[in-house]
Amino acid sequence: MDKRIKIGLLVDDIDSSFTQQTCRGAELGAVSIDANLYIFPMKYLDSREFLDDHSRFEYQYNMIYRFITEKNIDILFVLMGNIGCRTEYKKQIDFLNDLPDIPIVTLFTSFEGFPSVTFNNRKGLEEVIQHLIDHHKAKDIGFVSGPLTNGDAVERLDVYKSVLDANGIAYDENKVVYGNFEAACEDVVEDLLDRNPKLDAVVFASDLMALGGYNVFKSRGMDIGKDILVTGFDNAPFSSGIVPALTTVEASAANLAFRAVEHTAQFIDKTIDAFKIDTSFVNRESCGCDSSEITNYESGMDLRPISSKEELPLNGIYEYLFGEYSLGNSIDYIEEHLKAFLYALFDVAINKDFEKQCKHIKELFTTVIQDPILSYTTSEKMFNMLMVFKRQVAAFIDNDKDRLELSELFSLIFRTFTLHNSQMLEKKQEHIMGISEMVNRMTSEIFVYDGNTEEAYQSMFTQFGKIGVSSAYMLSFKDIIKHFRGDKWIQPQTVNLKAYEVDGVVGVLSMEDAELAVNDMFDNDYLPDHRVTMVLSPLYSFEEVYGVLLCEVDYINFDCVTPISIQLSSALKSLILLEKQRNIQRELESNLKKIEESNSVLDEMSKSDELTGIYNRRGFIENAEKAIADEKNRGKTALIFYSDMDNLKMINDVYGHDDGDFALKEIANILLDTFRSSDIVSRFGGDEFVCLAVVKIEGKGPEIKQRMEIITEKHNALAGKPYPIEMSTGYCEFECGEDVDLYKLLDIADTMLYAEKQEKKKKNGSYR
């Protein structure tokens, strides 16, 4: 491993939008200075009042920072305000003081005694509130604050108070409520409106909370931008896409993290202590304005009437698009490609040779958008820049024919940009589906190897590269650690490198070769030599902690780390059960009865699905093969049904994983009610279910499928959920016999299932 600077980034929840933006900026900063970046997601410092069934074991993440040592990390950037937002200030300070003796820099929130990089909350938020008062004559303004344990929340609330005071508006504590910087803030917004039914406007201290507020306003029939003026803070990626687009404050988490990491050397040398990133007003429709007015953006780009391309204010355009990213040298080539495109477009407008240069312009623009330009700016800013530039070059057109050709040229540019964005979204969706398919296979395939852990690891780690994980390392503890809530975590000084995947090569190590000191985790012979961004995630099941997973990913693939970790933890638990089974067999060879009893229990466990209680993949395969080959069934007609639950991801994302588990159990119950007790019903893996029925009479498939649909409707009526629990199903009819290929039948049924799912999607635009 090389001797690059090793930067640590200690964050809260890597799956949150804000934190992913922070990680993205930190990675871009690490690339610009050629440093290695190690991300440690530790969720939140424990606070019992926020616990629910889904998150009650997430306290295991809190131990992840214990892997940071003075020997393996050179500098640590900490999202302390996020990590500690659920606990009091003193405990946050105590936590910071407990970190290793390396340079510690806090991001977004400052703490006495520690260097920091924070937002200038005041400038942008003052502009927003003043705009509501001056331009829209708002006087009755509510405020949705973050928690007062967070420094940013305190400062933003103070800005709200001071702007009201400067405008002669009395501060009313009754018009302030407190959320948690998360979208799930509907209850506090409801409370605010109930107490203040005549509010002109509501200022939210974060875009995520504004998103939750949108739900409340719309549920009450309020027209956002007319009946109620709404503003946010952050300019999160979704803020320009919601309806109406959200007026907000530009406070890019990615930009702040980028600038912080770019100053790594100065923080290490202690030549810099703290600095702030400016915020600015972003005017859109939710406050009642028309954000399509081009003149709103011209001054921001320093665009003015010009007579030659050399007069183009490129620095102003770059500043508008890239902000402080343009201060470094990491995007020089992107700026050069953009310059070539703008110069060529200017020449076309001056020379009026639209038709001749159309192909060349498209090629230049394609080069621009194929650069990772949207890593440093947004689609909205690109669109605004093009619209402003179109207005500028239109000044050189003096006849209708050329105006039409200019419009057609820009239509081609906008179409190219739209198609590119659409393709990116499709790739993202394919990536998400790939993650879903991979995690569904991981646990279900373990039992195929019947306890052969080396082959199981080989199979699991081979999948990682397919979903954007460049390399992965499973670091297990010598013994499973039982860690209960409230217990002090005792950090092991060594870990065992159990399995790894690098550039498609998978390795499984023996216990003798695998031991690594925690100090050497990021500096050993198995790690790549190039610059890396890596995420360390815990592997645990309930109170049992197995170790950690180290994944090399870029910001596009941060979202795959958590599902992989969860599924690998589940797989580890299953493998441990199988390993225990083999150990029991070896230890009890002298007592045959005990061996048989232990094997019987563990064998049944390995054939049953833990969540639904029905057969799992292994249980189905064994029982189905026996039934098909059974002499008493020879020559009889049988059916294989292959079902796939619709919209499980939607249920998990919108209603939570507990509802996802409930839906999976309901699918199992529907199938149990549909089929006879003599039939074989199984959860094949993830959201896939397979059933076998020996029916004797041909043509029973449609009848059983119809019965399944009727029973599904009954279960949905009784479940009383706000979403339907449904499945797509394919089936295959065959004749029992010794030569039947079960896997071929499964493929036929799966093909029919896929056709039904595609038909649903074609008909409804989704599986509904």
Side-chain angles (χ1 to χ4, degrees), residues 1-9 14 23-24 26-28 30-40 67 72-73 330 370 372 375 427-428 430-439 441-442 445-446 449 452-476 495-510 513-516 520-537 539 547-569 571-572 575:
M1 192 72 175
D2 54 53
K3 298 302 179 184
R4 291 179 175 87
I5 290 176
K6 297 182 178 66
I7 299 171
L9 179 63
I14 198 172
C23 293
R24 184 192 77 167
E27 182 187 28
L28 295 174
V31 170
S32 73
I33 64 172
D34 192 35
N36 289 330
L37 176 67
Y38 302 93
I39 301 171
F40 302 85
F67 287 88
N72 63 26
I73 293 294
S330 56
Q370 284 179 344
S375 297
K427 287 182 180 179
K428 182 67 175 177
E430 290 173 4
H431 174 66
I432 292 170
M433 291 177 65
I435 294 173
S436 178
E437 291 172 4
M438 193 213 77
V439 298
R441 281 198 299 267
M442 282 178 66
E445 286 188 354
I446 284 175
Y449 298 103
N452 188 322
T453 54
E454 182 169 343
E455 288 189 15
Y457 286 134
Q458 286 277 351
S459 175
M460 288 188 290
F461 276 70
T462 299
Q463 307 295 327
F464 289 174
K466 300 175 183 177
I467 57 170
V469 178
S470 301
S471 61
Y473 308 84
M474 191 183 85
L475 301 152
S476 64
V495 289
N496 295 316
L497 178 57
K498 197 86 170 180
Y500 64 88
E501 184 273 332
V502 183
D503 296 329
V505 177
V506 177
V508 181
L509 303 182
S510 66
D513 299 327
E515 189 171 63
L516 283 176
D520 298 329
M521 279 178 56
F522 311 129
D523 191 11
N524 64 77
D525 294 338
Y526 295 98
L527 297 174
D529 291 329
H530 56 256
R531 196 213 70 80
V532 296
T533 295
M534 290 184 153
V535 181
L536 193 71
S537 187
L539 299 173
V548 290
L549 177 68
L550 183 64
C551 287
E552 180 190 358
V553 292
D554 56 26
Y555 76 89
I556 296 174
N557 298 303
F558 285 147
D559 57 355
C560 73
V561 175
T562 299
I564 287 176
S565 300
I566 291 171
Q567 206 66 18
L568 183 56
S569 296
L572 281 171
L575 284 172

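Atoms considered below: every heavy atom in the structure, side chains included; atoms not considered: hydrogens, waters and symmetry mates. Residue numbers start at 1 and run along the sequence shown. Everything numeric here is computed off the predicted structure, so don't read it as measured data.
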**Student:** Begin from the C-alpha positions of Ile14 and Cys23 and carry the test side-chain contact (heavy atoms from CB on, under 4.5 Å) through to its verdict.
**Tutor:** CA-CA 8 Å; Ile14 198 172; Cys23 293; 4.3 Å; yes

**Student:** If we only count heavy atoms from C-beta on, is the Phe522 to Ile73 side-chain gap below 4.5 Å?
**Tutor:** yes

**Student:** Taking C-beta and beyond as the side chain, do Leu568 and Leu539 meet within less than 4.5 Å on heavy atoms?
**Tutor:** yes

**Student:** Taking side chain as C-beta onward, heavy atoms only, is Leu475 less than 4.5 Å from Tyr500?
**Tutor:** no

**Student:** Salt bridge check: are Asp554 and Arg24 linked by an N-O gap of less than 4.0 Å?
**Tutor:** no

**Student:** Using the ring-ring contact (aromatic ring centres under 6.0 Å, His included) rule, take Tyr526 and Tyr473 through it: C-alpha gap first, then chi angles, then the decisive distance, then the call.
**Tutor:** CA-CA 9 Å; Tyr526 295 98; Tyr473 308 84; 7.9 Å; no

**Student:** Any chance you could lay out the side-chain contact (heavy atoms from CB on, under 4.5 Å) test for Val469 and Cys560, step after step, and finish with the verdict?
**Tutor:** CA-CA 8 Å; Val469 178; Cys560 73; 3.7 Å; yes

**Student:** Between CG of Asp520 and CG of Leu497, what distance do you get to the nearest 0.5 Å?
**Tutor:** 12.0 Å

**Student:** Find out whether Ser470 and Val553 are in side-chain contact, i.e. whether some heavy atom of one side chain is under 4.5 Å from a heavy atom of the other.
**Tutor:** no

**Student:** Do Ile5 and Ile33 come close enough that some side-chain heavy atom pair is under 4.5 Å?
**Tutor:** no

**Student:** To the nearest 0.5 Å, what is the distance between NZ (Lys498) and CG (Leu549)?
**Tutor:** 14.5 Å

**Student:** To the nearest 0.5 Å, how far apart are CD in Glu501 and SG in Cys551?
**Tutor:** 9.5 Å

**Student:** Evaluate the side-chain proximity of Ser32 to Glu27: yes if any heavy-atom separation is below 4.5 Å, no if none is.
**Tutor:** no

**Student:** Tell me if a side-chain donor or acceptor on Asn524 pairs with a main-chain N or O of Met521 at a distance below 3.5 Å.
**Tutor:** yes

**Student:** Can you tell if the side chain of Val535 reaches within under 4.5 Å of the side chain of Glu552, non-hydrogen atoms only?
**Tutor:** no

**Student:** Taking Val532's backbone N and O only, do any of them form a donor-acceptor pair with Asn36's side chain (distance below 3.5 Å, no angle check)?
**Tutor:** yes

**Student:** Apply side-chain contact (heavy atoms from CB on, under 4.5 Å) to residues Asp523 and Lys6 and explain how you reach the verdict.
**Tutor:** CA-CA 10 Å; Asp523 191 11; Lys6 297 182 178 66; 4.3 Å; yes

**Student:** Check whether any side-chain heavy atom of Leu536 lies under 4.5 Å from a side-chain heavy atom of Tyr38, and answer yes or no.
**Tutor:** no

**Student:** May I ask you to decide if Phe67's main-chain N or O and Asn72's side chain share a donor-acceptor pair within less than 3.5 Å?
**Tutor:** yes

**Student:** Does Arg531 use its side chain to pair, donor to acceptor, with the backbone of Asp34 at less than 3.5 Å?
**Tutor:** no

**Student:** Nearest 0.5 Å, please: how far is CD1 in Ile564 from OG in Ser569?
**Tutor:** 11.5 Å

